[in-house]
Structure formats: C-alpha cells, structure tokens
Engineer: 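There's a structure below that I have some questions on.
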Amino acid sequence: MELPKTYDPKITEDKWYAHWLKHKFFKSTPDERVPYTIVIPPPNVTGVLHMGHMLNNTIQDVLIRMKRMQGFNACWVPGTDHASIATEAKVVALLKEKGINKSDLTREEFLKYAWEWKEKYGGIILKQLEKLGASCDWDRTRFTMEEDLSAAVIDVFIDLYNKGQIYRGVRMVNWDPQGLTAVSDEEVIHKEVNSKLFYVKYKIEDAEEWITIATTRPETILGDTAICVHPDDERYKHLKGKKAIVPIINRAVPIIFDTYIDMEFGTGALKVTPAHDINDYNLGVKHKLEVIDTIAPDGKMSAAAQFYIGEDRFAVRKKIAKDLEEMGQLLKTEDIKNKVGYSERTNAVIEPRLSMQWFLKMDIISKPALDNVLNGEIKLIPEKFTNTYKHWMENVHDWCISRQLWWGQQIPAWYDNKGNTVVCKTKTEAIEKLKVKNPDVKSEDVKQDEDVLDTWFSSWLWPISVFDGFKEPNGKDINYYYPTNDLVTAPEILFFWVARMIIAGYEYRGQKPFTNVYLTGIVRDKQGRKMSKSLGNSPDPIELIEKYGADGVRVGMLLCSPAGNDLPFDESTCEQGRNFSNKIWNAFRLIKGWEVDANIVQNEASKIATEWFDAKLNEQLNQINDLYSKYRMSEALMCTYKLVWDDFCAWYLEMIKPEFVDGKSLPIDKETYDATIIFFEKILKVMHPFMPFITEEIWSLIKVRGEKDCIIVAEWPKVEIFKDRIVPNFKNDLLIWETSLKNIFSDFEIIKEAIKFIRTVKLRRNIKHQENIEVISLPLLQEEISLNYWKNIIKKITNCNLIITHEGLIKTNYDCWINGKMDFFIAKKDAKSIEDIEKLIGELRYTQGFLDMVVKKLSNEKFIANAKPELLANEQKKQADAEAKIKALEEQLAGLK
RNA sequence: GGGAGCUUAGCUCAGCUGGUUCAGAGCAUCUGCCUUACAAGCAGAGGGUCACUGGUUCGAACCCAGUAGUUCCCA
C-alpha cells in the first residue's frame, strides 16, 4: 500500500468516530470497575461551538480517554442547558421577525413555539462536539428542562421552601429592562464607562437658600424622597429639620443626616431615591423614607414620575438636564468615570428595581460548600481560586431565584384571591392546602406564580439529576457514579454554577458532587480581547478542524493553556499541532517501509538504541503520569511531544535506521523491528488522549487487528522498572558496575554534545553526511567504558570512523571539543587559527571563573557549616570536573603556542 | 473603595524546600541544507539586569518591605 507523504485527517476522522460509536466504546454502565466520571458543563441548547467550548471539551476528552485506557469505567455525561434568558430572548427575536409579539401570545402558545424551536435547532453544539472527537456517552444525553430534570427542580424548590430556606419578598433586584426580568448579582457585569456628574441646585423650603447635590442619574430626580448629608459636615449642619424642594416636581423632601455619606464626593450632599438605587434604598429603610418608583419595568418613565411619562430613562436624562439648565438649577456638569452594571445575557443597562421575588437563603446552606473546599475535600485547580471562592462564600447574598420569563420551570407557588400562598406540585393539591386558610376558595381563584426559576436553579442539580438521583435516590447509577471525579469549567461560572453544585451536593446527597474542579482560562484573541460574537474575533472551530484536523486543533489548544491562565489563541499553535500529526505519520511511513530479515543479527548500535529508548520511554512515561496527576495538561502534552519528536524520531529512529546501499534500504533485523513496534505502540497510546484520530488510524495500520482491537480501549502503558541494564558508574574513583537509570541519560547528554560537535565540523567543512570522517577521542580512563558503550551510536549517527586512544598528544591542527572527560578531535588540513585559540582561551577563562566560584564557596566556613552533605559533595564534584577540564584545555593550549 | 493574583527570551509559559542537573522549554527569528520517513522537514546559531528599589542571608528569579504596571473578584 502506498502511503501519502502527508497525513490527511479528513479521510480518517469521521471513519473512526463512526467506528467508535458502532462498537459503543463511549458507553458506560455500572460494573465492577472503578468509575471515572465527568459531567459536561451543559452548553446552552441554543449555542454553537466556540473556542471556549473547544478548550473545555478537549480537556475533558483527554482526561476521559486517558482514564478509560487506564482501566477505569470512564463515563462522560453530555447534555444541554435550557438557558432561560438567552433562549427566550432568541425565540422572542425570532417571533418578532415573523411579526409576532410575545405579548400577543399566551404562555402555552409561546412555549409551543419555544419547544419547536428547541427541537429544530437545539443541540447543534453536541453534533459539533463529535467533530472534535469528544467521547461522551451519548446515550446519557440530558437536557435541564426535560421531564425528569424539571421534576427534580420542582421537588427541590418545594423541599427548600418547606425547610424554610426559600422566601418571597420585595427586594431591590437587578432588573434587566430588555429581558424584562430580574437577574442575579452574578449575572450583572460591571463596566467602567464615561459618564457625566450633574450638579443640581435644590431650593431649601421657606428660605432663600439652595443646596447643591451631585448625581450621575438626574432622571431619577422625580423619585427623590430625601437629601442626605454627613452629620459632621459643617456646610450643612444648619439645615437640620429643613426640607428641600425637588425641582420640576416641586416636592418637599426632608434633609437627613447619615454617616454613610462621603463628604469628599461631589458636594457632599446626596439625593436619595430609594426606588432606584440599592444604597438609597437602604438609607430609605433606615430613615423610613417614601419609595416612589418612577421607572417602569421596560426602562421608561412610569406614571408615578408624573413628567416625561413613557419616555426612555436615557432620553429623559438628557432632557431633564436641559430643562434644569433652563430653570437655572443645573450648576455644572463634570466628566467622570463610573461603573455601570450590564446584563450578562442582553447587555442592557441594569436598573436597580424593587420587586417581589423569590429568594433562597444562602447563609446556612452554603456552609458545607465553603468548609469542604477549604479543607481540601474538593480541590480547585489551580489552587489560587480557593481564595476567591472563600471570599465569595463568606460574603454570599441570598439568591434571587425567580425570573419573569416563560421558558423554564414555573415556580410551584399558588395564590388565592385573599393573599394566601401555598407551595406544592399541582393545582389540586394547592386548592386542598389553600382550603385550610380560606375554606371558600374556588378553583378559578387559584393562580400559579407566573415566574420561572433561574436556570442555575436547575443546573446546580446537574451532577445528581443526570444520574436520576432525585427520581431514584438509591438508583444504581447515582450510587455508582456519584460523586463524580473531575469537573472542567471556566472560572467565570465558579459562583454561578460550581459553588451552587457543591451546595446542592451536600444538601441532597450529603456528599461532594466532584473531587477536582479544573478551571480553564478564557480564550482570548492575540490582542488579549475576549473572543465574542459581537467582536467577530472568534475563529469558527469547525473551520479550524477542517483546516488542521481535529488532532491538530486539540494539540494547538492545549499547547498554550495551563490551568487557570487565559489562552491567547493563535492559529499558529494549531499549525504546530498539524505538523506534529504529520511527523508521527512519517515516522509510521518509515517503519512501515522496512523489510524485516529474521536472519540478521542485531547490530551493536541498535542494541544500545533499544536499551536507551526503553529507559527513556519509561522515564518519560513516569513523568507524564505525574504531570497528569497534577492536572498539568499542557506540560504533559509537551512532554509527550518531545518524547515522540525528539527522543523517538530524531534520536531513536536515526540510531536504528537501516543503511541505504545502492539506492535501497537494507533489511532490518527482527529483534530491533519488534522492539520498535512495541515502542511505537506505546507512544501511540500515550498520544491517544491528545490525538485520538491519527493514533487510531496508525494503530490499525501498524498490525493486522480485529474490529474491536482499538487504541481507544487499549491499555495505558505501565511504567516498567528498568533494572537489567548495566552501565558503568564511578564512586570515589572506584569503578562500580551498577544499575542506574540516571547515568544512561546523563551519559547520553555528553554523547549528544559530542555528536553535535562532529555534525558542526562536517557542516562547516561542507562534508556530506554520506562521507566518512575520522574522529579521535581521548577519554579519561573512567569515561572510556561509557564511550565504548555509545561508540557505535556515534559512528552510526555521524557516519564517522571513531578512534579511541590514550595518547595524550596535543593536536595542533585539529578541531577539538574539550570537556575534560572525553575530548574529541578531528584533523584538519590547515593549522589552528587565531579564532580557534581564542575560543579555547574563552572556554578556559569561563571554566576558571566557574572553578573560582566553586572554590570560594567551598572555602567559606559558613557554607561548609550550613550546606547539606549532598550539596557539599556536589560542589566537590563540580570542582573536580572543572579542574579536569582546565587541565585538558591548558594542555591543548600549551601545544599550540 | 476593599481583597486576591500576576510581572522570567520577540510570543506563550516552566522554574518544587533559597545553593550550576538555575537562568530553562516550545514557538518565532537567523544561517546552511530539496541528505530516498517527513521542507508540515533536517542540521546549526543567536536571544534574558528574572518589573524596579531596598532588606534578610555565606548565597536570592525564589524569602521580607516598598514602588510601578497589569489582571481578576467584591462593593
């Protein structure tokens, strides 16, 4: 079979994904194995895949695939979130295009449209995840508004209400005038904007005196019910007991005194509008002020305002400023920067607004969620988020859980016509319950609360509800999979979602929902801006996959994304990922092309090469396992990358590559070939979690395999203890034959340097690789054994004739590489040049300096007294090495003079 | 306004208990090579006052204090 020169992901990806599905490799059912579980952070059902999802789900897939290979019963539960506000907004907009207003529809009609729309377009995102290679158990796909999950939400609401944890009340909430609903504190984004500070004069009642206040919101003047100043403010002390006249509306309001006021800000006098500002509201409660709500839910002036009725608040701001100016009561305006809250979902400016809402008390219920993160029962990765988490949990406010929307779980609260409220599942039940308080209640008098619950009030149950933990609290699934293992999500929703899941977990299972929370960064563009649809700076992930292959994009994303760090996304890393795919593909082509001859005896270089790579592979595997266990994903990937590209391709394959004679590759011996296949299979396995498609493809081509013999379910390589390798080592000048992993690697580092030296000389002299060159090496006695071990590798890789000698002759016309342990010389036709001598002198000077430093350190009594013995020994060794090197350099130089 | 974090090569980041396996990796850059696995490649090279200023220490990228810049969280 002819293999193409470059790897083409297009012909393999869909094929293998279908194959995996066909053999149900993603499927998980409880069995005797240990489970490894991840629940997906459910994307909005209306969503399309963006780069954040890509990163997030790549990490989850890597974890799931690795654990699956390690023998865990890996279960990744997918699903979508009904996303009340976002989805409703989308449906409203769509209906509007068709000329239908939401207000003209009944709740039932609207929901019918919404469900139709969901069935048609919802879940596109899950299909897109397949392209990425996500190995979710699709049979377990859930939706937060499906029947069972909604039932759980309702049950939880009723339960918490009965426990006294849920209450209803008028509070100041964050009102989204566009979505026409309350939103939680967490859904408000504060942005700094340029604003104007208006200085407005209010007349003092029955006096020819004025008081000037400063405000950024003159449109709320109509709702003013007091003026507030600091009790210590000398400027205003005489106004005690006086009233001020609110301009335009001419209402007399009291002047109150409160230490809340910042005397430095503006004029030190504040207009108090309890209906439209949380701080003013608190002042109002304290001083028993009247509340006049002058802004309607849609952000336009209400009838209570009396003026400008029906006009938008921002239009009124300008208008009122103009009117005040004409009245001579606008003293001046100043440009300032202040923070304004925006709705996360609709980007409308949030209006603080008093309204009747449902709340969940957070103080008691959130306690275990705080404790168990602080005590390490649940780990946040990276750890730095624990601080933020702690801060938030210690200052947590009651959670406003009602939303004035239709798309979502309708609140199971029922009201009669006499102001009684009951909370229960059905209307029939409600009537029964209401009869206790109101015996004459009629069915038509009983109305259900119009509002739905916050979306997060359903997604906080996700790790329990996806396993039907509410429907069957003792079910097989929930008992087996819960608590789950890892959660991978963005830090933005640490409070929205993660904290609340932990709360629900302890409240309803008495157990944490997961053990580790891996917080990914935010994907940003090159300029550091967050990727967003409105900026148009987000590449389409599906297009990226088509361009670089899913494996390439996965590698690209992970290469630059340590946990918790933002990811400045640059397509070039995907290119690197694609190039890596190609590298592996070509290594495969090379191996595949070899002809095996069972009669050939393994040569010495190949023998050493397999010994070395075996050791290297095990060492790196150990390293990779360790990095995974610390969730250092990009480092695990980099380690894998270097193992494959550098150690396997650049060194190992070069060491064992059969020679080319007469335009034809010689056959390879069976022993080396078999070892190579085993190595290759192992590194394919290690690569698989990162690059599932190409590894599966090569896995299937490298050997004849059965349908189900797939790498996705192959066993993760075990770290084998490396013990039957004997390399020379020296202790206290005595030659000791001992087993040592460390030596084979540090030895090889010196050999690599020697090889580099020979290559450089050949390159500089324009000697082709095929052309042989004579190299002389003068090793110290101790190093000779080591050199003998590696000599065939050196010969093979550099194509040289290596002569090992002890004649301490100074070579005047040689290129040399001197390290004091094993010096290398290559003869040259012309004599030593000045540059060569200078280079040697430079080297000598540096080594001398280094030695001086070590000697100084060793002659420092305090150092000797304080340093650990190992450190001391190490310093002594450094001294000896440096002295040997200096001696060799000096001899060399002496010969040149 | 309160709190937390960050600042190491052109870029993205490692650097654990202070000590040449401490100044590292990948990418990018530069210079040679179309050498029969791979130019999506190979070989080689050059990049850093570890933000700044002081302190502790025999010894500081690392510990302490302050300054600047920056990001996030809360109000």
Side-chain angles (χ1 to χ4, degrees), chain A residues 3-7 185-186 190 262 264-265 278-279 339 341 382-392 394-397 491-492 494-495 522 524 526 528 548 552 556 559-562 564-570 572-573 575-594 627 630 632 634-635 637-639 641-642 645-646 649-650 653-654 657 660 663-665 742 745-746 749 755-757 759-764 766 768-771 798-799 850 853-854 856-868 870-872 874-875 877-878 881-882:
Chain A
L3 294 168
K5 245 174 127 171
T6 48
Y7 169 67
D185 291 345
E186 289 71 35
H190 295 273
D262 175 6
E264 304 298 316
F265 185 80
I278 181 67
N279 298 309
K339 291 257 179 102
E383 231 174 314
K384 65 177 178 183
F385 284 106
T386 309
N387 263 335
T388 324
Y389 181 86
K390 176 170 180 268
H391 190 252
W392 189 79
E394 282 173 349
N395 296 288
V396 65
H397 296 104
E492 301 167 288
L494 186 56
F495 309 123
I522 297 164
R524 295 178 182 277
K526 272 189 198 166
Y548 300 104
L559 271 174
C560 54
S561 56
N565 269 40
D566 284 2
L567 184 153
F569 183 75
D570 186 339
S572 67
T573 62
E575 208 175 306
Q576 195 184 347
R578 180 202 57 182
N579 294 355
F580 187 40
S581 301
N582 203 44
K583 186 71 191 175
I584 301 156
W585 181 250
N586 277 289
F588 166 65
R589 282 178 67 220
L590 174 70
I591 294 167
K592 195 71 188 164
W594 286 336
L627 289 166
K630 291 173 180 153
R632 304 179 76 145
S634 25
E635 284 174 69
L637 171 58
M638 187 43 72
C639 202
Y641 181 89
K642 285 198 273 193
W645 199 308
D646 297 344
C649 295
L653 290 179
E654 290 303 325
K657 204 155 129 184
F660 240 83
K664 231 184 112 201
S665 170
K742 205 170 171 182
F745 300 134
S746 52
E749 288 311 307
I755 289 171
K756 265 188 191 177
F757 161 70
R759 276 173 170 166
T760 309
V761 171
K762 283 185 112 174
L763 182 75
R764 250 200 343 249
N766 245 326
K768 292 251 184 236
H769 175 73
Q770 296 92 322
E771 222 176 297
T798 60
N799 195 15
F850 176 70
M853 208 180 71
V854 177
K856 200 176 151 197
K857 199 182 269 186
L858 283 171
S859 56
N860 183 330
E861 278 172 38
K862 285 193 178 168
F863 174 73
I864 305 283
N866 295 329
K868 287 178 204 154
E870 309 93 80
L871 188 65
L872 207 63
N874 195 31
E875 291 297 316
K877 186 171 179 296
K878 280 193 288 190
D881 287 354

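Please read these numbers as outputs of a predicted model, since none were measured by experiment. Computation of the quantities below employed the complete heavy-atom set of this structure, encompassing side-chain atoms and omitting hydrogens, waters and symmetry-equivalent molecules.
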Engineer: Using the C1' atom as the reference point in each nucleotide, state the distance between B/rC58 and B/rU31 in Å, no decimals.
Structural biologist: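 Per the computed distance, 45 Å lies between those C1' atoms.
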Engineer: A/Lys384 side chain: which of B/rA40, B/rG15, B/rG5 is closest?
Structural biologist: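 Nearest nucleotide to the side chain: B/rG5.
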Engineer: Distance check: side-chain N/O of A/His397 vs OP1/OP2 of B/rA75, anything under 4.0 Å?
Structural biologist: yes
Engineer: Using a heavy-atom cut-off of 4.0 Å across all strands, would you classify A/Phe580 as base, sugar-phosphate, or nothing?
Structural biologist: nothing
Engineer: Looking only at the side chain of A/His391 (C-beta and beyond, no hydrogens), which of the listed nucleotides B/rC74, B/rG44, B/rA37 gets closest?
Structural biologist: B/rC74
Engineer: By nearest atom, which of the nucleotides B/rU20, B/rA40, B/rG2 is closest to the A/Phe850 side chain?
Structural biologist: B/rU20
Engineer: With P as the reference atom in both, quote the distance from B/rC72 to B/rC13 in angstrom, rounded to an integer.
Structural biologist: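 It comes out at 14 Å once rounded to the nearest Å.
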Engineer: Looking only at side-chain N and O atoms, does A/Asn579 come under 4.0 Å of OP1 or OP2 in B/rG41?
Structural biologist: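 Yes, within the criterion.
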Engineer: Would you mind telling me which of B/rG44, B/rA40, B/rG26 lies closest to the side-chain atoms of A/Lys756?
Structural biologist: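 Nearest to the side-chain atoms of A/Lys756, counting from C-beta on, is B/rG44.
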Engineer: Given B/rG26, B/rG32, B/rA37, which nucleotide is nearest the side-chain atoms of A/Asp646?
Structural biologist: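 Of B/rG26, B/rG32, B/rA37, B/rG26 is nearest to the side chain of A/Asp646.
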Engineer: Would you say A/Arg759 places a side-chain N or O within less than 4.0 Å of OP1 or OP2 belonging to B/rU35?
Structural biologist: no
Engineer: Between B/rA4 and B/rA65, how far is it from one P atom to the other, in whole Å?
Structural biologist: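 Those two atoms are separated by 12 Å.
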Engineer: Distance between the C1' atoms of B/rG10 and B/rC30, in whole angstroms?
Structural biologist: 13 Å
Engineer: Please tell me if A/Tyr641 has a side-chain N or O lying less than 4.0 Å from either OP1 or OP2 of B/rC27.
Structural biologist: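 Yes, such a contact exists.
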Engineer: Looking for any heavy atom pair under 4.0 Å, which part of the strands does A/Trp645 touch: base, sugar-phosphate only, or nothing?
Structural biologist: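 If one applies the 4.0 Å heavy-atom cut-off, A/Trp645 turns out to touch the sugar-phosphate alone, with no base involved.
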Engineer: Please determine, for the side chain of A/Asn582, which listed nucleotide (B/rC38, B/rC27, B/rU20) has the closest atom?
Structural biologist: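 Nearest to the side chain of A/Asn582 among the choices is B/rC38.
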Engineer: Please measure how far the P atom in B/rG3 lies from the corresponding atom in B/rG19, and state the result in whole Å.
Structural biologist: 32 Å
Engineer: Below 4.5 Å, heavy atoms only, C-beta onward: do A/Phe588 and A/Leu3 meet side chain to side chain?
Structural biologist: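 Result yes, sub-4.5 Å side-chain heavy-atom pair found.
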Engineer: Does a salt bridge link A/Glu771 with A/Lys768, judged by any charged N lying under 4.0 Å from a carboxylate O?
Structural biologist: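 Salt bridge: no.
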Engineer: Taking only side-chain nitrogens and oxygens of A/Lys5, does any of them come within less than 4.0 Å of OP1 or OP2 of B/rC38?
Structural biologist: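 So the side chain of A/Lys5 is within the cut-off, an N or O lying under 4.0 Å from OP1 or OP2 of B/rC38.
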Engineer: Can you identify which nucleotide, out of B/rC73, B/rU20, B/rC38, has its nearest atom closest to the A/Lys878 side chain?
Structural biologist: B/rU20
Engineer: Could you please name the option among B/rA37, B/rA4, B/rC38 that lies closest to any side-chain atom of A/Leu590?
Structural biologist: B/rA37
Engineer: With P as the reference atom in both, quote the distance from B/rA45 to B/rG24 in angstrom, rounded to an integer.
Structural biologist: 14 Å
Engineer: For B/rU67 versus B/rU20, give the span between their C1' atoms, rounded off to a whole number of Å.
Structural biologist: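 One C1' to the other, the span is 32 Å.
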Engineer: Taking all heavy atoms of A/Met638 and all of A/Leu559, pick out the closest pair and write down the distance.
Structural biologist: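 Shortest heavy-atom contact: CE-CD2, 3.5 Å.
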Engineer: Mind checking A/Glu654 for me? I need base, sugar-phosphate or nothing, with any heavy atom below 4.0 Å counting as a touch.
Structural biologist: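 The residue A/Glu654 makes base contact.
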Engineer: When Watson-Crick pairs (N1 to N3 and N6-O4 or O6-N4) and G-U wobble pairs (N1-O2 and O6-N3) count only below 3.5 Å on both distances, what is the dot-bracket string of RNA chain B, with | for other-strand pairs?
Structural biologist: (((((((..((((.....[....)))).(((((.......))))).....(((((..]....)))))))))))).
Engineer: Is A/Lys642 near enough to B/rG26 that one of its side-chain N or O atoms lies under 4.0 angstrom from OP1 or OP2?
Structural biologist: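 So the side-chain polar atoms of A/Lys642 never come under 4.0 Å of the phosphate oxygens OP1 or OP2 of B/rG26.
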Engineer: Please state the P separation for the pair B/rC62 and B/rC50 - nearest whole angstrom.
Structural biologist: 10 Å
